*Asks:* 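The structure under discussion is supplied below as structure tokens; questions concerning it will follow.
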Number of protein chains: 2
Amino acid sequence: MNYLDELTQELFTFFNGFSSWENSVIKTSDLTVAEAHAIEVLGKHGQINMKSLAQYLGVTTGTTTVTVDRLEKKEYATRESIKEDRRVHLITLTEKGQRAFAEHHQYHYNLTDQILAVLSSEENEQLLKILKKINEEAF
Amino acid sequence: MNYLDELTQELFTFFNGFSSWENSVIKTSDLTVAEAHAIEVLGKHGQINMKSLAQYLGVTTGTTTVTVDRLEKKEYATRESIKEDRRVHLITLTEKGQRAFAEHHQYHYNLTDQILAVLSSEENEQLLKILKKINEEAF
DNA sequence: ATCATATTGTTTGATATTCAAACTAATTTT
DNA sequence: AAAATTAGTTTGAATATCAAACAATATGAT
């Protein structure tokens, strides 16, 4: 097996491991995958409108309408209109939504911890540096 | 921002970048995400039965039945029964299925290339070593 | 050998996800 | 003021998914 092969395999094994870890974390909560992703975006970016939310999630606004409907019903978020432009609805996390975000974030920390635990401190630094590079330049 | 924070953020940015890259690649094909994942597993592991396929995909056998139905209809895969155990159906990629797998695999190589391009050869080696460790021990 | 148990895979009924296209209401451009 | 654009919702359709019930087959215990 050559170098490119090997790295490709490890990259996708890593990605799949991450994926199934995420899904299993979400399954322990009251949220569906779509809802959890929306909460992540809202927690990170604060109040945003439907269109931005759709763009961050990589779906259509129609899809986002449905997702936010559910989040409102479950009391994780609310729509608020603004007087500047009456077409726009800002989505805001409720108290409950913010708690869910914080909790999910804690899971992320836990996974990072788990990863750090198997690496030397030198490797930790290398990993951070490499990820920064890739995130800035490769995608 | 502390170290743990920073690494967590980079890890999830990386994961999300990977995710949306994957989805956009799949969207250019004739396949849905579920179908593409099934083809990936079948291409990697060869002939397997429904239960193994479901386990690799992390879904129930009911879900897998539907996915394989669709793959058969689109002529990417076939079910074959074996005489040793008449309950078991082995799923096999057709010629067309193998071509789809090879094509998808090529995309993976391309992404790896893209990632390698922004790293020094020293960093490449560090990344491979680190990913191997994480994949073996952290998940 | 026979009966109970376990296993493989399918079906069913329900909910969730997603999109494209049509639509409404509001804003901006001409 | 009319036309064009924009934000968001609704609708109709296909896909995804699960849990539970089910059918067919295989295995184990007595």
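Chain identifiers are assigned alphabetically (A, B, ...) following the order of the sequence lines, protein sequences preceding nucleic acid strands; residue numbering begins at 1 within each chain. Because the structure is predicted, anything quoted here is derived from the model rather than measured.
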*Asks:* Just the rounded figure in Å: distance from P of dT10(C) to CD1 of I91(B).
*Replies:* 7 Å

*Asks:* On DNA chain C, compare the nucleotides closest to G58(A) and M50(B); which residue's is nearer the 5' end?
*Replies:* M50(B)

*Asks:* By nearest heavy atom, map K83(B) and L90(A) onto DNA chain D; which one lands nearer the 5' end?
*Replies:* L90(A)

*Asks:* Please state how far atom CG in N49(B) lies from atom C1' in dA26(D), giving the value in whole angstrom units.
*Replies:* 14 Å

*Asks:* What is the distance, rounded to the nearest whole Å, between atom CD of E84(B) and atom P of dT8(C)?
*Replies:* 15 Å

*Asks:* Does L11(B) share a hydrophobic cluster with W21(A), counting links as ILVMFWY side-chain heavy atoms below 4.5 Å and allowing steps through other members?
*Replies:* yes

*Asks:* Linking I/L/V/M/F/W/Y whenever their side-chain heavy atoms sit closer than 4.5 Å, directly or via other members, would Y107(A) and I115(A) fall into one cluster?
*Replies:* yes

*Asks:* Can you check the D85(A) CG to dT28(C) P distance for me, whole Å?
*Replies:* 6 Å

*Asks:* Does H37(A) put a side-chain nitrogen or oxygen below 4.0 Å from OP1 or OP2 of dT17(C)?
*Replies:* no

*Asks:* Can you identify which nucleotide, out of dT27(C), dG8(D), dT17(D), has its nearest atom closest to the R86(A) side chain?
*Replies:* dT27(C)

*Asks:* Given atom CZ of R70(A) and atom C1' of dA14(C), what is their separation to the nearest angstrom?
*Replies:* 13 Å

*Asks:* Any side-chain N or O of T65(B) below 4.0 angstrom from OP1/OP2 of dT10(C)?
*Replies:* yes

*Asks:* Does OP1 or OP2 of dC19(C) have a side-chain N or O of T63(A) closer than 4.0 Å?
*Replies:* yes

*Asks:* dT8(C), OP1 or OP2 - any side-chain N/O from T61(B) closer than 4.0 Å?
*Replies:* no

*Asks:* Whole-Å distance between dT8(C) P and Q47(B) CD?
*Replies:* 17 Å

*Asks:* Between P on dT15(D) and CG on N23(B), what's the gap in Å once rounded to a whole number?
*Replies:* 17 Å

*Asks:* Between dT10(D), dT17(D), dC19(C), spot the one nearest the side chain of D69(A), thanks.
*Replies:* dT10(D)

*Asks:* Do F14(A) and I134(B) have side chains that approach each other closer than 4.5 Å (heavy atoms only, starting at C-beta)?
*Replies:* yes

*Asks:* Are the side chains of H104(A) and E22(A) in touch, meaning some heavy atoms are under 4.5 Å apart?
*Replies:* yes

*Asks:* Using only modelled atom types and a 3.5 angstrom limit, is any donor from either the side chain of R87(A) or the base of dT27(C) paired with an acceptor on the other?
*Replies:* no

*Asks:* Rounded to whole Å, please give me the gap between CD in Q55(B) and P in dT7(C).
*Replies:* 12 Å

*Asks:* With the 4.5 Å side-chain cut-off for hydrophobic clustering, are L128(A) and L111(A) part of the same group?
*Replies:* yes

*Asks:* Using a 4.0 Å heavy-atom cut-off across all strands, classify T32(B) as base, sugar-phosphate, or nothing.
*Replies:* sugar-phosphate

*Asks:* Let's see if you can work this out: which of dT18(C), dT8(C), dT9(D) has an atom nearest to the side-chain heavy atoms of K51(B)?
*Replies:* dT8(C)

